[in-house]
Every structure is written in structure tokens, then in C-alpha cells.
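Let me begin by presenting the structure, written as C-alpha cells, before commenting on it.
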Amino acid sequence: MNEVKKEMNNFIQKIINDDSDSGKWNNRVHTRFPPEPNGYLHIGHAKSICLNFGIAEKNKGTCNLRFDDTNPVKEEEEYVQSIIEDVKWLGFDWEDRLFYASDYFEQLYEFAIQLIQDGSAYICDLSGDEIRNMRGSLNEPGLESPHRTRSVEENLELFHKMKNGEFGNGEKVLRAKINMAHPNLNMRDPVMYRILHAKHHRTGNDWCIYPMYDWAHGLEDSIERITHSICTLEFEDHRPLYDWYLNQLDIYHPQQIEFARLNLNFTMMSKRKLKQLVDENHVSGWDDPRMPTISGLRRRGYTPKAIRNFAEDVGVTKRDSIIDVVRLENALREDLNKIAPRVMGVLDPLKVVITNYPEDKTELLKAVNNPENPDAGKRDIPFSKELYIEQSDFMEDPPRKFFRLGPGREVRLRYAYFITCNEVIKNKSGEIIELHCTYDSETKGGSAPDGRKVKGTLHWVSVNDAIDAEVRLYDRLFLNENPGETDDFLANLNPESCKTQANAKLESSLSNPENITYQFERNGYFIKDEKDSMNGKLVFNRAVSLRDSWAKFFKNNGK
RNA sequence: UGGGGCGUAGUAUAAUGGUAGUACACCUGGUUUUGGUCCAGGCAGUUGGGGUUCGACUCCCUACGCCCCAGCCA
């Protein structure tokens, strides 16, 4: 047993190991990720993507991307494109195996005819209501449809007519003839085809009958020679039907395996409700940085690696669980800490005048680009008489343990000098608008030759060289830990989920930022918003803050 | 009440008959020119009850708890 296998030993991998030992699939592993293009992918899908592509990769197998596009009234091409982009961005490659359920409509139709000919399927004229009423209940068996005994010939003829558009929506369905008294409701003569006179995003008006999920899915898996068909827990009840169809047809038969979908606290994963947030403009779109969508996370500044690490980290089981969203944030911090270039940006500026610094002087100081990675090198940052520091880095009446700036206190400006605050300038309403400080020219670079220590180190930006930017600070979208469970999830929207710092000042190296996530030292990780940065206006999104033990201490101990 | 699943620290997740481990969270301390990172230490768990066994998270029985299912959605 090698290291890799030890790390990756979730229950699905164990099944694969067993299959490998028994030679069940001739050592083949072939999975698929089968999204329905009826919305954007979210972090929950990411778990499934990482599982399916990941398990194929780890076992030298392959994974297909397959659109389960069997319901034209909900599906759109826009979603297809976004899904392709998102899976690609996560770093997975389906090579030439991009498939659509709609590519198999003809074959599915032929299979249905086969079932009819075997006497295992029939056309039912009952209405939707009637079918539901006759299905029975959890405790009572259902009633058989009066059309259950139609002849094969009649069924064949009616099915042709269905296909040819001779009936209206809902007039007839094709049903499997199984058992109306089955304890599993899914087996009580489930619908295989329904009539939908709707334009499909790929097949146009070629079809007016569309296959139901249960009928279609196993066949899609079978056609693609999938070995392990991995889906979520709620389909456990459908497995007997999945198996029944494939057994009736006596064709290649993949194994369906169910795992628990991802749940995150303070996060809502329902596609329907996410769509509502978008449609009702509670967020700016599917890619709003507060959305749990892949596109939202991307715009927020998440990296594919962080998401993949997270998916690996939370594991795969059959237990319903709710993962703490801070683990997703931690996965991001972990990745970004190693790779993000450090820069200085003042979000909420307070002007500082160094009274003993020459009026017109600007000097360039060396700053480390990434202390975690010496290869990232250094850069020059301009220093001058007037600077900005963070409002929150000054307190007129500081509490114990506050080791930033206060009247008479000395702190270090990162990579620059020690400064001491001598005077606090206020406006008429008593607000602090400016600090007058003196610097110690001996401390250039940030250390004192006399060995003198300061506790605080502040980030800063030179006034003359500062770049203006709008910075958006995001917080969780919902206040409630389980927003999906409440009746009115909109009532739980966090009114402060996006705070804007309109007057942020950034160091000059950020005049033309790359499309990567930076660390603003002592603040957090930020990425330029490519959508909203326009005509000279820079907008940055905060992906996640840095861990802040001072904020925690302050919160726990009051003042 | 029928059927299908699931119960291990606060939250997740390992251990498949042999020392209950890991991560995050939480608490201490150390290092630090980011109150970041990093390092060291600590707290804390097998749903209850029986049984089998030298030995049970693991096997058996039973009780309890939680999740899913009555779309012509997926």
C-alpha cells in the first residue's frame, strides 16, 4: 500500500480498489460529471467535479463531461457555456469526451420501443393529477392505470404518435410497467417520457417527447461505458429503477454509487433559490462575488487550487453534514499565503504628515514581494512627507495591548522608518483628520541601530504616489447559519454583505494589476474586479481577510 | 406508520476484531519588520442498552436520533 492510496481512501476509492482486485471492470475507471444546464455551477458541484475527475485521475481512468439536458423548459445555452468555463477553470480536462444527453435521444427512443415490445412499458392517458392520486402513498399501494393492459401494437402506435406531435402537452406519457404496490414509490410504474412541445437549446424542435431523468440517466451511463456512476444521496431510492431499466434492456450496466452532497453553513446551495437571488437582483448576477457559484468565487479571488484542496479536505462519505465555511476560507488562505504577492493598500485612509521629513523629497524603499517565497524578489516603494495609514491603526486613547499608533507612541512603518505621533489634528466636529509625526532617520528600512524595539508595524502609502481605488469588503451573504432551511431565506440576507471603501489608497505598483489575487499586507487578499473596473476606475474585491488575532482579542476582551 | 440511508471530540473525517488518530475551531506559549506565516503544547469523541470475543468504533440483537422519497424536475 503506497502513500497516495492511504491519503485517498474514501469509501468510493475502496469500492474501486475492490473492483480492481476482483477484475470487475478490467481495471477500467470511467466516471462522468453530469450537470443539468439549468443554472450556474456552485461550490457543491465543485465537490462532485473534483470527486469524479479526481477519482478518474487517481486511478488512471477518464471522466466525461456530460450535459443532462432532458428538460428543455429549464435549460439554456448560457448555462452550458458557463459550466464548460467553470470546469475548465477548476483545472479538469475531459479531452474529447464532451457529451449531451440530447445526443442520445434517438437511441433512447429505440430503447423505449424495445421495452414496449417486451411488454414492459405502456402508454398512459391519465392526467398528471390522476397519476399522482393513483400512485398511493408511503403506506398504501397504488392503483394500476386502466391503460396498463394495452396491447403492444397499440402502445407502439400511440408512442409513434406521441413522438410525431399528435398529442398536446400532458395528454399522454410512456410508463414503465413495474409494480404499483412496490414499497419504493419510484417503482410504481414511473413515467419514462412526457410530451413537451418546447424548443430545446440543442435539438430545436426535433422532439416533443423528452425522457425523464431515471429513464435517461442509466442509459447515458451505459452508452458511455461508465463504470462508476457517482451521484448524491437522494438518488439512493432511484437505484433500483436505474438497475431495473438496464436489466430489462440487458445492456452494459454501470454501478451507481451515492455520496453526501456538500453543505456549508451560512451558504445556500439550492440552484432554484440562487436563481431567485439573481432574478430579483439581490445580487449583481450569478458571478456576484458573494455567490457560492464557481464564477462568483473566481471573481471573489478564489483559486482553483484552493477549491480543489478544500474538496479533498472535506472528504467523501454518506453522512449528511454541514461543513464550516471557514474551512473554505482557510483553504484559500493556505494557498494564497504561499503565492500571493504582497502589496500595501490603505482601505480607510488617515493622513500622516512627517513634520521633520524634507518637503520635496521622495525616496524609494525596498519591500519584500513575498516572505514565503524569496524568489519573488523585492520592489521599490516611494516614501515621502505625507502618507496614509489605516484609520484603525490610530487610537487617541488606546486600550492596553493596542500596540499601534497613539499620542506619544512610536511604531514602525513597514520597510520605512519608526515614527512617533506628536499631534492629533481634528476638524470642527472633533473628528481626527490628520496626524503629525516625526520620523527617526536612523531607522531606515525599519530597524533601529540602537536596538530599540517597537511592537507595532503599520502599512502605509505615500500620498503623492497613491492610487485611488474602490475596495469591496465582503461578508457572508446570509446571517442565518442554515439559510436554505428557513421559510423565507430572503429575510436572512445580510444587509452588510458588501461594504464599500470608496477612497482606498494603494501603492503605486498596483496601477496596472495582474489578474491575480494579491495580499494587501495586514488586511487580506484582494483581486481586481475585471467587470467593474473601467475607465480608469479601479475596483478591488476582498477574497478573504487575514486571520486577525487582535480583532479576536479585542472582541473577546472588550476594550 | 411503508421504503431507502446515516449515527466517532464543537465541526468534519480516519481507524473493518488489537494503543481511538488527523484537520479546522478553541485555549497556552515561542518566533516574527504583516497582531499574517511558522513552531511547540493543551482541551475534547465512538447515540443508549444487551450479546459474541482474551479483546468491539468495527460483528449480532435491540432501542433511540437524524436525513431522503408520494414531479409528466434533475
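Below, read A as the first sequence line, B as the second, and so on, with proteins coming before strands; counting in each chain starts at 1.
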Any non-hydrogen side-chain atom of Leu413(A) less than 4.5 Å from a side-chain atom of Ile389(A)? yes
Pick base, sugar-phosphate or nothing for Asn330(A), based on heavy-atom distances below 4.0 Å to the nucleic acid. sugar-phosphate
Any strand is fair game: report the nucleotide pairing with G45(B) by Watson-Crick or G-U wobble, both distances under 3.5 Å, or none. none
Lys14(A) vs A15(B): side-chain N/O to OP1/OP2 distance below 4.0 Å: yes
Test Phe383(A) against Tyr417(A) for ring-ring contact (aromatic ring centres under 6.0 Å, His included), laying out the working first. CA-CA 10 Å; Phe383(A) 181 89; Tyr417(A) 297 97; 5.2 Å; yes
For residues Phe526(A) and Tyr518(A), establish whether the separation of their ring centroids is below 6.0 Å. no
Which base, if any, makes a Watson-Crick or G-U wobble pair with U28(B), both distances under 3.5 Å? A40(B)
For Pro211(A), which contact category applies under a 4.0 Å heavy-atom criterion: base, sugar-phosphate, or nothing? sugar-phosphate
Using a distance-only test with no angle check, is there a side-chain donor-acceptor pair under 3.5 angstrom linking Thr457(A) and Arg414(A)? no
Paired to C6(B) by Watson-Crick or G-U wobble criteria (both distances under 3.5 Å) is G65(B)
In whole Å, I'd like the distance from the CZ atom of Arg547(A) to the C1' atom of U32(B). 16 Å
Whole angstrom value for the distance that separates C1' of A70(B) from CE of Met212(A): 13 Å
Look at all strands and tell whether Gln519(A) reaches a base, only sugar-phosphate, or nothing, counting heavy atoms closer than 4.0 Å. base
Tell me whether the OP1 or OP2 atom of U13(B) has a side-chain N or O from Arg327(A) closer than 4.0 Å. no
Expressed in whole Å, how much space separates the P atoms belonging to U11(B) and C54(B)? 37 Å
Using atom P of each nucleotide, how far apart are G7(B) and C57(B) to the nearest Å? 16 Å
With the side chain of Asn9(A) defined as its heavy atoms from C-beta on, choose the nearest nucleotide among A15(B), U1(B), G36(B). A15(B)
Describe the nucleic acid contact of Ser447(A) in one word from base, sugar-phosphate, nothing, applying a heavy-atom distance below 4.0 Å. base
Base, sugar-phosphate or nothing for Asp548(A)? Non-hydrogen atoms, less than 4.0 Å. sugar-phosphate
To the side chain of Glu36(A), which of C73(B), A23(B), U34(B) is closest? C73(B)
Select base, sugar-phosphate, or nothing to describe what Leu546(A) touches, counting heavy atoms under 4.0 Å on all strands. base
Could you let me know what U11(B) is paired to, Watson-Crick or G-U wobble, both distances under 3.5 Å, or none if it's on its own? A23(B)
Checking base pairs now: Watson-Crick or wobble, both atom distances under 3.5 Å. What partners G71(B)? none
Output field: ring centroids Phe266(A)/Phe478(A) closer than 6.0 Å: no
Distance between the P atoms of G41(B) and C24(B), in whole angstroms? 14 Å
Once you apply the 3.5 Å cut-off to both distances, tell me the Watson-Crick or G-U wobble partner of U34(B), or none. none
If you look at every strand shown and take non-hydrogen atoms under 4.0 Å, does Thr317(A) touch a base, only sugar-phosphate, or nothing? sugar-phosphate
Under 3.5 Å side-chain donor-acceptor pair for Asn330(A) and Arg327(A): no
Kindly write out the residues that satisfy ring-ring contact (aromatic ring centres under 6.0 Å, His included) with Tyr109(A), not counting sequence neighbours, or none if the list is empty. Phe159(A), Trp207(A)
Could you tell me whether Asp313(A) and Lys47(A) have a side-chain N and a carboxylate O separated by less than 4.0 Å? no
Touch class at under 4.0 angstrom, heavy-atom based, for Ser137(A) against every strand present: base
Quick check on the 6.0 Å ring-centre criterion: do Phe105(A) and His200(A) meet it? yes
With a 6.0 Å cut-off on ring centres, are Phe235(A) and Tyr242(A) close enough? no
Using a heavy-atom cut-off of 4.0 Å across all strands, would you classify Tyr193(A) as base, sugar-phosphate, or nothing? nothing
Give me the distance, rounded to whole Å, that separates U19(B) from U34(B) when you measure between the C1' atoms they each carry. 42 Å
Between A44(B) and U22(B), how far is it from one C1' atom to the other, in whole Å? 14 Å
Classify the nucleic acid contact of Arg404(A) as base, sugar-phosphate or nothing, counting any heavy atom under 4.0 Å across all strands shown. base
Interface residues of residues 228-239 of chain A with RNA chain B (non-hydrogen, below 4.0 angstrom): Glu234(A), Phe235(A), Glu236(A), Asp237(A), His238(A)
Round to a whole Å and report the spacing from OH of Tyr210(A) to C1' of A74(B). 16 Å
Report which part of the nucleic acid Val173(A) touches: base, sugar-phosphate, or nothing (heavy-atom distance under 4.0 Å, all strands). base
Does Tyr245(A) have its ring centroid less than 6.0 Å away from the ring centroid of Trp215(A)? yes
Please work out if Arg135(A) contacts a base, only the sugar-phosphate, or nothing of the nucleic acid, heavy-atom cut-off 4.0 Å. sugar-phosphate
Write out a two-atom table: protein N or O, nucleotide N or O from nucleotides 17-20 of chain B, distance below 3.5 Å.
none

Under 4.0 Å, heavy atoms only, any strand: does Ile322(A) hit a base, just the sugar-phosphate, or nothing? sugar-phosphate
Going by distance alone, is a donor N or O of one side chain under 3.5 Å from an acceptor N or O of the other, for Arg272(A) and Asn38(A)? no
Salt bridge Arg261(A)-Asp320(A), side-chain N to carboxylate O under 4.0 Å: no
When only distance counts, do a donor and an acceptor, one from the side chain of Arg342(A) and one from the base of U34(B), lie under 3.5 Å apart? yes
Out of A12(B), G35(B), A15(B), which nucleotide sits closest to the side chain of Phe402(A)? G35(B)
Which base, if any, makes a Watson-Crick or G-U wobble pair with G55(B), both distances under 3.5 Å? none
Under 4.0 Å, counting only non-hydrogen atoms across every strand here, what does Tyr415(A) touch: a base, just sugar-phosphate, or nothing? base
